There are 2 protein chains.
Amino acid sequence: MALLAQTSAPRPPAQLNVWHQVYKRGEALFRVGEPFRSIGILRSGAVKTYLQRDDGSEQVLAFLLPGDILGLDAIAAGQHMRNAVALDTTSACLVPYDGVDEISNRFPALRREMMRQMSLGLVRDAQVHMLLTMRTADQRLAAFLLDLSNWYRNHGFSAREFQLPMPRADIANYLNIKPETLSRALTRMQNDGLIRAERRRLLILDPDALRTMAGESLPPEAWRAVRKQVQ
Amino acid sequence: MALLAQTSAPRPPAQLNVWHQVYKRGEALFRVGEPFRSIGILRSGAVKTYLQRDDGSEQVLAFLLPGDILGLDAIAAGQHMRNAVALDTTSACLVPYDGVDEISNRFPALRREMMRQMSLGLVRDAQVHMLLTMRTADQRLAAFLLDLSNWYRNHGFSAREFQLPMPRADIANYLNIKPETLSRALTRMQNDGLIRAERRRLLILDPDALRTMAGESLPPEAWRAVRKQVQ
DNA sequence: CGTCCGGTTGACAAACTTCAATGATCGTGG
DNA sequence: CCACGATCATTGAAGTTTGTCAACCGGACG
């Protein structure tokens, strides 16, 4: 990974003691309150991060895919501020973390990458904010699917057909809707010929319609009317 | 406020060419796409950041209060990723920004503070996520008011009585509800003796009830029943 | 003094949740 | 290999919350 290649270049003396770790589905990478010992870069698989609510229910905060850095929000407090569990068999590359200054002084490239990733994280969180505040479940779902589709395209995979790395319940939780509502939304999109979704396999049939759906803020009733007109 | 506030403003090194700037209500501190020239620390007043949707409507992303750092999400792209306007007469302290490395090498203390603030920003965004995904408008409003109250307490002001730094429309937008719904929620809380809200003055009469409301996930009908029982 | 703007309220429609039941898939042990 | 239970997903009907549209109110301000 680019990150590691960079780190060895600038300062030869201390080689970073990097290692890999594999997690099985359902296994925790870290939990709230654990001391922040190492930065993790996701190599394969998928991870969800979440927090517990006062009432015991959980709230999914993010899905992480290969290339993402884990746990940067732990820097300030020195301990993890969210839970992370593998959604599937997952491997991560771990870099020991001995404090900002230690890392900053010895590995400027890593420091730079960390700052870049944190800044990107803030941008992404703003995008999540935009996603969560879309008016209808259909819009949020459309935006979510496009997001995923873009990720696959950007990583050299098909943007039209891919696997959903997480179960419906997690998607629904993330989008702040009930699984039933998600299911209905998927069914609607399917009936309207926008997508094909069965189990974890997703096929995007009409990306433009999805984009318009995620972008525009027309009431969904108007949407259904539009879609019917086209047929 | 956990959601709004970053505590402890950094003291910029003396060598840095720091200056102050005052903005009038409605004036823009920066806009999406502008080059990232300086880091700003809010000294007084209040700021909202927001993004434009495809349909032209705007989405409020955050309210910033004194002590908050502005525009850290601009580091990665080198340009601002959101709009920021003053909600009131506002003064900010500006530190020129010449790139991560420049600042990092010359002012380690500032670099450390920047990383801390970015990390805190990520934590805060997670809290915003939790806020936005609360089930009902009443819960979100309760959590929001408590956040604001906590900010004032943490800054040496009364946690019971304070000014709302933003108009209703902005609060509603931030909480992802319509102004009408916000108004009704406020009225309900007022009728139930939890708060007193007129114009921009807010009085918290029953903080514990607010806390329970924000924490628990009981359906609001159950809530009204509980409140009535107490009377 | 009238107008504008921010805020409130009412009535109705839309979207979402809840409760309940059914169906499909998969891993596992008999 | 099949049966079984468990998990995951879908569907229907009824109830709740929120949005929408419209009217109204009151203070701020020219």
Side-chain angles (χ1 to χ4, degrees), chain A residues 24-26 48 55 57 59-60 85 87-89 132-142 163-191 195-202 213 217-226, chain B residues 25-26 48 53 55 57 59-60 87-88 132-142 163-191 195-202 213 217-226:
Chain A
K24 288 185 299 242
R25 167 193 281 225
K48 74 168 171 182
D55 69 351
S57 67
Q59 176 60 49
V60 175
V85 309
L87 287 165
D88 211 335
T89 302
L132 284 175
T133 50
M134 285 181 167
R135 309 218 333 302
T136 67
D138 301 84
Q139 285 181 302
R140 294 203 283 277
L141 176 56
Q163 296 274 357
L164 299 172
M166 66 296 282
R168 299 272 193 280
D170 285 332
I171 299 178
N173 184 305
Y174 178 68
L175 297 178
N176 198 23
I177 55 182
K178 298 299 158 194
E180 293 93 328
T181 305
L182 172 61
S183 181
R184 288 182 234 275
L186 281 170
T187 303
R188 265 195 305 272
M189 286 185 180
Q190 206 155 271
N191 291 339
I195 62 170
R196 193 87 239 275
E198 56 188 43
R199 319 200 354 60
R200 294 222 177 166
R201 176 149 240 94
L202 192 91
M213 200 174 179
S217 285
L218 292 174
E221 31 146 8
W223 263 113
R224 260 163 269 158
V226 170
Chain B
R25 167 193 282 225
K48 74 169 171 182
R53 289 197 186 281
D55 69 351
S57 67
Q59 177 59 50
V60 174
L87 287 165
D88 212 334
L132 285 176
T133 51
M134 285 181 168
R135 302 200 9 302
T136 66
D138 301 89
Q139 286 181 303
R140 294 204 282 276
L141 176 56
Q163 296 275 357
L164 299 173
M166 67 295 284
R168 298 273 194 279
D170 285 331
I171 299 178
N173 184 306
Y174 178 69
L175 297 178
N176 198 23
I177 55 182
K178 297 297 158 195
E180 293 92 329
T181 305
L182 173 61
S183 181
R184 287 183 234 275
L186 281 170
T187 304
R188 267 196 303 272
M189 286 184 179
Q190 206 157 269
N191 291 339
I195 62 170
R196 193 88 238 276
E198 56 187 44
R199 310 173 47 1
R200 295 226 178 162
R201 176 150 240 93
L202 192 91
M213 200 174 181
S217 284
L218 292 174
E221 31 147 6
W223 263 113
R224 259 163 268 155
V226 171

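None of these values were measured; they are calculated from a predicted model. For the numbers below, each heavy atom of this structure counts, side chains included, while hydrogens, waters and symmetry mates do not.
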Nearest atoms (heavy-atom pairs only) where [X] meets [Y]:
X: Ala172(B); Y: Leu182(B); result: N-CD2, 3.8 Å
X: Met189(B); Y: Asp138(B); result: CE-O, 3.5 Å
X: Pro167(B); Y: Leu87(B); result: CD-CD2, 4.3 Å
X: Ala185(A); Y: Leu141(A); result: CB-CD2, 3.7 Å
X: Met134(B); Y: Gln139(B); result: SD-O, 3.7 Å

Send over the distance from [X] [atom1] to [N] [atom2], rounded to a whole Å.
X: Glu180(A); N: dA13(D); atom1: CD; atom2: P; result: 15 Å
X: Met166(A); N: dT7(D); atom1: CE; atom2: C1'; result: 18 Å
X: Arg184(B); N: dT20(D); atom1: CZ; atom2: P; result: 12 Å
X: Asp88(A); N: dC8(D); atom1: CG; atom2: P; result: 13 Å
X: Arg25(A); N: dT7(D); atom1: CZ; atom2: P; result: 12 Å
X: Arg140(B); N: dC16(C); atom1: CZ; atom2: C1'; result: 12 Å
X: Asp170(B); N: dC5(C); atom1: CG; atom2: P; result: 16 Å
X: Arg135(B); N: dG15(D); atom1: CZ; atom2: P; result: 18 Å

Atom CZ of Arg199(B) with >12 non-hydrogen neighbours under 6.0 angstrom: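 Counting neighbours around CZ of Arg199(B), 12 or fewer heavy atoms of other residues, nucleotides or ligands fall under 6.0 Å, so no.
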Residues in side-chain contact (heavy atoms from CB on, under 4.5 Å) with Pro165(A), at least two apart?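 By the side-chain contact (heavy atoms from CB on, under 4.5 Å) rule, Pro165(A) matches Ala46(A), Leu65(A), Leu148(A), Tyr152(A).
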What residues, two or more places apart in sequence or in another chain, satisfy side-chain contact (heavy atoms from CB on, under 4.5 Å) together with Asn176(B)?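 Expected list: Thr133(A), Leu132(B).
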Among dT11(D), dC16(C), dT18(D), the one nearest Asp138(A) by side-chain distance: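 Nearest to the side chain of Asp138(A) among the choices is dC16(C).
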Nearest of dG7(C), dA9(D), dT18(D) to any side-chain atom of Ala137(B)?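 In terms of side-chain proximity for Ala137(B), the closest of dG7(C), dA9(D), dT18(D) is dT18(D).
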side-chain N/O Thr181(B) vs dG19(D) OP1/OP2, d < 4.0 Å: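 So the side-chain polar atoms of Thr181(B) do come within 4.0 Å of the phosphate oxygens OP1 or OP2 of dG19(D), strictly under.
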For nucleotides 24-30 of chain D, just jot down a letter per nucleotide in 5' to 3' order: B, S or -, based on protein non-hydrogen atoms under 4.0 Å. ----S--
Side chain to side chain contact (heavy atoms under 4.5 Å, CB included) between Met166(B) and Val60(B), intermediate numbers included: CA-CA 11 Å; Met166(B) 67 295 284; Val60(B) 174; over 6 Å; no
Side chain to side chain donor-acceptor pair (under 3.5 Å) against Arg25(B), all qualifying residues, sequence neighbours excluded: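 Result, side chain to side chain donor-acceptor pair (under 3.5 Å) vs Arg25(B): none returned.
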Is the backbone N or O of Ala197(A) less than 3.5 Å from a side-chain atom of Gln190(A), with the two atoms forming a donor-acceptor pair by type?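 Yes, because the side chain of Gln190(A) sits within donor-acceptor range (under 3.5 Å) of the backbone of Ala197(A).
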Looking at Ser183(A), is its backbone amide N or carbonyl O close enough to the side chain of Thr187(A) to form a donor-acceptor pair, meaning the two atoms are under 3.5 Å apart?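 Yes; at least one donor-acceptor contact below 3.5 Å.
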At 4.0 Å (heavy atoms only), tell me whether Leu182(A) reaches a base, stays on the sugar-phosphate, or touches nothing.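 Nothing: the residue Leu182(A), judged by heavy atoms under 4.0 Å, touches no strand.
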Could you say whether Pro179(B) or Lys178(A) is positioned toward the 5' end of DNA chain C, judged by the nucleotide with the nearest heavy atom to each?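 Taking each residue's closest nucleotide, the earlier one in sequence belongs to Pro179(B).
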At 10 degrees resolution, what angle do the end axes of the helix from dC1(C)-dG30(D) to dG30(C)-dC1(D) form when each is taken over five base pairs?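 Answer rounded to 10°: the end axes differ by 30°.
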Filtered N/O pairs between nucleotides 21-23 of chain C and protein, under 3.5 Å:
none

